[in-house]
Amino acid sequence: MKKTAIYLLFFLLFISCKDDFIIDINSKKTSEKEFKITLTTNFPENTIFSITAERIYKRKNNGNYYGGVHYYSSEYGIKNGKLEFILKVNDSMWINNYNQYREDGNLNEFKNKKLTEIDYKSIKDSIEISVVYSPRFLFNQKSNVKKSLGENGENIKGKGTIKMDGIKVFEKSIKIFSKFEK
């Protein structure tokens, strides 16, 4: 009797997880500052994700954390359950972009006082890669994707599903080591 109950429990668990969505993110270092990132998923063909790769840091006189962007895309759809891209880590580029934005902001009469200098001691030696599916904020989804996942993501389920503002989104992230170099 106990064996039958255990088998029934495993069977029910398998059936309930069968329709869960997953995203696996793998990285392979191809050179000192370059990584090949591979996403594998069971999301529908042509699903478009928002993908970011950021180095976490703080600003001087500001305790909040921010992300220095090394990569951003919301253009490429899943093909055969897979998406690949090359991440080139270029710390000087995001620092220069931030400093340029900060200087431009200081030129006008509505200065943003939150745009203080980067606190270089706070910069992490890792890059966080995040993959997000949102039915509302990624407007260029194919009709088959919207039909399968629902207009508001109502058909999305699995570890990584978050419900907010009446919609369901799916998020997965990993961290990879990449020593910060100014």
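Between Phe49 and Phe170, the ring center distance fails the sub-6.0 Å criterion. When ring centroids are compared, Phe85 and Tyr76 stay outside the 6.0 Å threshold. The ring of Trp94 has its center no closer than 6.0 angstrom to the ring center of Tyr101.
In this structure, the separation between NZ on Lys88 and CD1 on Ile86 is 8.0 Å, given to the nearest 0.5 Å. Once rounded to the nearest 0.5 Å, the distance linking CD1 of Ile95 with CD of Glu117 reads 12.0 Å. A distance of 14.0 Å separates CZ in Arg102 from CG in Asn97, rounded to the nearest 0.5 Å. With rounding to the nearest 0.5 Å, the separation of NZ in Lys179 from NZ in Lys33 is 9.0 Å. For the atom pair OG of Ser173 and CD1 of Ile23, the computed distance is 10.5 Å after rounding to the nearest 0.5 Å. In this structure, OG in Ser178 is found 7.5 Å from CG in Leu87, a value given to the nearest 0.5 Å.
Other residues, nucleotides and ligands place more than 12 heavy atoms under 6.0 Å from the CG atom of Asn64. Residue Lys163 qualifies as open at atom NZ: its count of foreign heavy atoms under 6.0 Å is 12 or below. Within a 6.0 Å radius of NZ in Lys79, other residues, nucleotides and ligands contribute more than 12 heavy atoms.
Lys172 and Asp24 make their closest contact through NZ-OD1, 4.2 Å (heavy atoms, listed as atom of the first residue, atom of the second, distance). Of all the heavy atoms in Ser130 and Glu128, the pair that sits closest is OG-OE2, 3.7 Å. The minimum heavy-atom distance linking Ser74 with Ile48 is given by the pair O-CG2, 3.3 Å. Residues Lys82 and Thr40 come closest through the heavy atom pair CG-CG2, 4.3 Å. Minimum interatomic distance between Thr116 and Lys60 (heavy atoms only, all atoms of both residues): OG1-O, 2.5 Å.
Counting heavy atoms from C-beta on, the side chains of Ile51 and Leu83 come closer than 4.5 Å. Between Asp119 and Tyr57, the closest side-chain pair of non-hydrogen atoms is not below 4.5 Å. In this structure, the side chains of Ser134 and Ile167 come closer than 4.5 Å at one or more pairs of heavy atoms.
For the pair Arg59 and Tyr66, the cation sits on the ring face: its NZ or CZ lies under 6.0 Å from the ring centre, inside 45° of the axis. A cation-pi arrangement, defined by a distance under 6.0 Å to the six-membered ring centre and an angle within 45 degrees of its axis, is absent between Lys124 and Phe180. Note that Lys58 lies in the cation-pi zone of Tyr65, set by a 6.0 Å cut-off to the ring centre and a 45° limit from the axis.
Side-chain atoms of Gln100 and Asp104 include a donor-acceptor pair closer than 3.5 Å. Looking only at atom types and distance, the side chain of Arg136 has a donor-acceptor partner in the side chain of Asn152 under 3.5 Å away.
Look at Asp20 and Lys159 and you find no salt bridge, because none of the NZ, NE, NH1 or NH2 atoms lies under 4.0 Å from a carboxylate O. A salt bridge between Lys36 and Glu84 is present, with a side-chain N of the basic residue lying under 4.0 Å from a carboxylate O of the acidic one.
Looking only at distances, no side-chain donor or acceptor of Ser126 sits under 3.5 Å from a matching main-chain atom of Phe177. Looking only at distances, no side-chain donor or acceptor of Glu54 sits under 3.5 Å from a matching main-chain atom of His70. Listed for the Asn46 side chain is no donor-acceptor partner under 3.5 Å among the backbone atoms of Lys142. For Ser148 (side chain) and Val145 (main-chain N/O), no donor-acceptor pair under 3.5 Å exists by modelled atom type.
Clustering ILVMFWY residues whenever any of their side-chain heavy atoms sit less than 4.5 angstrom apart, transitively, puts Phe43 in a cluster other than the one holding Val132. Put simply, Ile156 and Leu39 are part of the same group of oily side chains (I, L, V, M, F, W, Y) that touch within less than 4.5 Å, one to the next. The cluster map of Ile, Leu, Val, Met, Phe, Trp and Tyr, joined by side-chain heavy atoms under 4.5 Å apart, puts Tyr71 and Tyr133 in the same cluster.
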Exercise for the section: Given side chain to side chain contact (heavy atoms under 4.5 Å, CB included), test Ile37 with Asn26 step by step and report yes or no. Expected result: CA-CA 6 Å; Ile37 309 299; Asn26 293 297; over 6 Å; no

